Amino acid sequence: MQIRFSPEEEAFRAEVREWLGGALPPALAEKVKGAKRLTKADYELWHAKLHERGWLAPSWPEEWGGTGWTPAQKHIFEEECVRANAPRVVPFGITMLGPVLIKFGTEAQKAHYLPRILDGTDWWCQGYSEPGAGSDLASLKTRAVRDGDHYVVNGQKTWTTLGHHADWMFCLVRTDPQAAKPQEGISFLLIDMASPGVEVRPIITLDGEHEVNEVFLTDVRVPAGNLVGEENRGWTCAKYLLTHERTNIAGVSYSKSGLAHLKRLAAKQKSGGKPLAEDPLFAARMAQVEIDLTALEIFNLRLVSAAGKGQAPGAESSLLKIKGTEVRQEITDLLRRAIGPYAMPYVPEAFDEGYNAEPIGPEDAMPLAKGYFNMRKLSIYGGSNEIQKNIVSKQLLGL
């Protein structure tokens, strides 16, 4: 099933596609297509080009630099960026913090931070998870004690994605350890990563990559003006941010691109002398994931449409996160199976810029293996899928 768009929307698609053809550097697109490691400069370059065009923050109100696009236009834009192999926009400032500041921030905070997010002055990271407080985020232990015009923060955050590049961190801290419920007594602070007492240590994952970090906070002094929302009411900000994060994790456009790649590969790879696409069991799995993806895309459009009318996604974003991550994992699993034993070799150096050794196996075999490993984490971060099912059962089903 193909979702149909109006002639005006297709004209917008043509405009986006034409702009991408001229604005996206071919070398950068090739790095993304080949799953090469992207540098901070790569991300900043694309961020700057989108900002110059005015297309960086589609979900923001126009008064703060948003595009004023319809839900369909937002969907088309994301789809075309993925099709063109554009780098993803680092989500922490644009997709996560921006909407929180717009809803809960003071006028002074919005006037100061939002333009700096847009023009790339500030690179943000997320200080949510801690050792022992991941999906059970409300059990966090990082403390912030008021001392005059400052908070003094002590604690540890972990899995801080791209924190080694960040200038600032939005951080959940416990300001009232005596609160009756764990969700109470939590506040939302903005912390300058250059502050004395902030230490970032790399976490090298199984594939040898440095994407995540742990952050130690020792007597870090944070101005009281960096509190977003009310003291001890930060959980409201946290939940609002997570609905945007979980919606983003679903990655419908990435799944559509992956499915198209899977179909091409299954048409070329052989099983029993015939194209893999003609294998009944493999074809059935491809058909099922395509059905799931089509339903997911329609559901995603409904949520984006509701958000455009001022309705913040609630437990629906959990449903989107659950199914979106399952679909992305299934597609990468089928891609891995399609290339068979060629999925086994993993050469980390192959993802460095300039690596030009003879490829192992079919075209794109190396990125497929890397993608499979990376997608295993999708159902865990942003709140594990098991936790999302609990949210759905309570908020939507009343169980």
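Here the structure is a predicted model, which is why all the values come from computation and not from measurement. Sequence positions, counted from 1, serve as the residue numbers for this chain.
Within the 4.5 Å cutoff, the side chain of Leu293 has heavy atoms near those of the Lys256 side chain. Contact check for Glu79 versus Arg13: side-chain heavy atoms found under the 4.5 Å cut-off. Between Tyr128 and Leu241, the closest side-chain pair of non-hydrogen atoms falls below 4.5 Å. For the pair Phe170 and Val100, the minimum side-chain heavy-atom distance is 4.5 Å or more.
A distance-only check finds no donor-acceptor pair linking the side chain of His165 to the backbone of Trp124 [under 3.5 Å]. Side chain of Lys33 to backbone of Ala84: no donor-acceptor contact under 3.5 angstrom is found.
One side chain, Asp42 or Thr39, offers a donor N or O that lies under 3.5 Å from an acceptor on the other.
Summarising the geometry, atom CG belonging to Asn385 is positioned 7.0 Å from atom CD belonging to Gln329; distances are rounded to the nearest 0.5 Å. If you take CD on Glu209 and CZ on Arg37, they are separated by 4.0 Å, rounding to the nearest 0.5 Å. The structure places NE2 of His261 at 11.5 Å from CD1 of Ile331, a figure rounded to the nearest 0.5 Å. Atoms CD and CG, on Glu211 and Leu38 in that order, are 10.5 Å from each other to the nearest 0.5 Å.
The side chain to side chain donor-acceptor pair (under 3.5 Å) search around Asn154 returns Asp219, not counting sequence neighbours. By the side chain to side chain donor-acceptor pair (under 3.5 Å) test, Glu63 is found to be paired with no residue, residues two or more places apart in sequence or in another chain being considered. Annotation: salt bridge (Lys or Arg N to Asp or Glu O under 4.0 Å) contacts of Lys263 (sequence neighbours excluded): Glu290. Checked against salt bridge (Lys or Arg N to Asp or Glu O under 4.0 Å), Arg376 has no partners two or more places apart in sequence or in another chain. Here Glu230 pairs with nothing under the side chain to side chain donor-acceptor pair (under 3.5 Å) rule; sequence neighbours left out. Residues satisfying the salt bridge (Lys or Arg N to Asp or Glu O under 4.0 Å) test with Arg88, not counting sequence neighbours, are none.
Annotation for Tyr254: hydrophobic cluster partners, listed by chain and number, are Val82 (ILVMFWY side-chain heavy atoms under 4.5 Å, direct or chained).
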- Task: Might you work through the side chain to side chain contact (heavy atoms under 4.5 Å, CB included) test for His47 and Val90, ending with a clear yes or no?
- Result: CA-CA 8 Å; His47 183 110; Val90 177; over 6 Å; no
- Message: Assess the residue pair Leu140 and Arg174 against the criterion (side chain to side chain contact (heavy atoms under 4.5 Å, CB included)); give the C-alpha distance rounded to whole Å, side-chain angles, the decisive distance to 0.1 Å, and a yes or no.
- Response: CA-CA 7 Å; Leu140 63 89; Arg174 189 165 298 283; 4.1 Å; yes
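The stretch residues 135-148 participates, sequence neighbours left out, in these salt bridge (Lys or Arg N to Asp or Glu O under 4.0 Å) pairs: Asp147-Arg221. Among residue pairs with one or both ends in residues 17-41, those qualifying as ring-ring contact (aromatic ring centres under 6.0 Å, His included) are Trp19-Trp46, Trp19-Trp55; sequence neighbours excluded. Residue pairs satisfying the side-chain hydrogen bond (donor to acceptor under 3.5 Å, both in side chains) criterion with at least one member in residues 113-122, sequence neighbours excluded, are listed as follows: Arg116-Asp122, Asp119-Thr121.
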For residues 192-204, dump all side-chain donor-acceptor pairs below 3.5 Å to protein atoms at least two apart in sequence or in another chain.
residue : atom : partner : partner atom : Å
Asp192  : OD1  : Ala194  : N            : 2.9
Ser195  : OG   : Asp192  : O            : 2.7
Glu199  : OE1  : Arg201  : NH2          : 3.4
Glu199  : OE2  : Arg201  : NE           : 2.9

Output side-chain donor-acceptor pairs under 3.5 Å for residues 176-191, partner residues at least two apart or in another chain, one line each.
residue : atom : partner : partner atom : Å
Asp176  : OD1  : Gln178  : N            : 3.1
Ser187  : OG   : Thr175  : OG1          : 2.7
Ser187  : OG   : Asn232  : N            : 2.8

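Between Glu52 and Lys49, no side-chain nitrogen of the basic residue sits less than 4.0 Å from a carboxylate oxygen of the acidic one, so the salt-bridge criterion is not met. With salt bridges taken as basic N to acidic carboxylate O contacts below 4.0 Å, none links Lys389 and Glu386.
For Lys394, the NZ atom counts as loosely surrounded, since its 6.0 Å shell holds 12 or fewer non-hydrogen atoms of other residues, nucleotides or ligands. Within a 6.0 Å radius of CD in Glu18, no more than 12 heavy atoms belonging to other residues, nucleotides or ligands are found. Heavy atoms from other residues, nucleotides or ligands lying under 6.0 Å from NZ of Lys270 number more than 12.
Between Tyr381 and Trp159, the distance from one ring center to the other does not fall under 6.0 angstrom.
The two residues Thr67 and Glu62 come nearest to each other via the heavy atoms C-CG, 4.0 Å. The two atoms that bring Trp60 and Ile94 nearest to each other are NE1-O, 2.9 Å, heavy atoms only.
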